[in-house]
Amino acid sequence: MEGKGKKNGELPGLMTFKGFDVFVTRDKNLRHQQNISKFKLIVIILIAKDNRDETIQPLINKVKTLLKKKSVSGIFEIR
């Protein structure tokens, strides 16, 4: 799914329409660029210094732990 260049609200709306439940990104400005609060999405922002596997993998393990919780919803920053 191509999300680049989507205007405010388009990306979360498209994701909801396509049946996505979770959106994982490194875009720290997402909450200011997209109106995500009105959509039923779990948004996870990875706070990392780079995209290298050895940097991201420990964060992915934290994401998995978070998603195992039954009543999780909202916007989360994972460090």
Side-chain angles (χ1 to χ4, degrees):
M1 184 177 84
E2 181 60 44
K4 188 175 181 179
K6 295 293 180 202
K7 293 180 183 172
N8 190 17
E10 289 180 336
L11 181 58
L14 180 61
M15 293 181 71
T16 301
F17 177 75
K18 295 283 187 173
F20 285 81
D21 297 318
V22 180
F23 179 39
V24 179
T25 182
R26 281 199 59 232
D27 185 356
K28 294 179 225 172
N29 294 317
L30 179 76
R31 67 178 83 218
H32 306 293
Q33 298 166 348
Q34 300 285 331
N35 187 7
I36 53 180
S37 61
K38 67 180 185 177
F39 297 98
K40 292 186 177 186
L41 281 173
I42 300 166
V43 178
I44 300 172
I45 302 169
L46 300 179
I47 308 298
K49 63 181 180 177
D50 56 49
N51 284 337
R52 294 185 351 216
D53 186 53
E54 56 269 17
T55 304
I56 296 295
Q57 192 57 51
L59 301 179
I60 296 302
N61 292 334
K62 290 180 180 181
V63 168
K64 289 177 183 179
T65 299
L66 174 70
L67 294 176
K68 287 180 184 176
K69 297 178 181 176
K70 298 203 184 300
S71 62
V72 69
S73 65
I75 303 170
F76 300 89
E77 288 186 356
I78 304 288
R79 300 176 188 276

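Counting only distance, with no hydrogens or angles, the side chain of Lys62 and the backbone of Arg79 share a donor-acceptor pair below 3.5 Å.
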Query raised in the report: Leu46 and Val24: side-chain contact (heavy atoms from CB on, under 4.5 Å), yes or no, with the steps?
Result: CA-CA 7 Å; Leu46 300 179; Val24 179; 3.8 Å; yes
**Report entry** Ile45 vs Asp27, side-chain contact (heavy atoms from CB on, under 4.5 Å): CA-CA, chis, key distance, verdict
**Finding:** CA-CA 7 Å; Ile45 302 169; Asp27 185 356; over 6 Å; no
Query - Full working for side-chain contact (heavy atoms from CB on, under 4.5 Å) between Phe76 and Val43 - result: CA-CA 6 Å; Phe76 300 89; Val43 178; over 6 Å; no
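To the nearest 0.5 angstrom, Asn61 atom CG is 11.0 Å from Ile78 atom CD1. To the nearest 0.5 Å, the span separating CG on Leu67 from CD1 on Ile60 amounts to 9.5 Å.
Side-chain atoms of Thr25 and Ile44, non-hydrogen and from C-beta on, never get closer than 4.5 Å to each other. Taking 4.5 Å as the limit, some side-chain heavy atom of Ile47 sits within range of a side-chain heavy atom of Lys28. Annotation: side chain of Leu41 is not in contact with side chain of Val22 (no heavy-atom distance under 4.5 Å).
Residue pairs meeting the salt bridge (charged side-chain N to carboxylate O under 4.0 Å, His left out) criterion with at least one member in residues 48-59, sequence neighbours excluded: Asp50-Arg52, Arg52-Glu54.
Of all the heavy atoms in Phe23 and Leu11, the pair that sits closest is CZ-CD2, 3.7 Å. Of all the heavy atoms in Pro12 and Phe39, the pair that sits closest is CB-CD1, 3.4 Å. The nearest pair of heavy atoms linking Arg26 to Asn51 is NH1-OD1, 2.6 Å.
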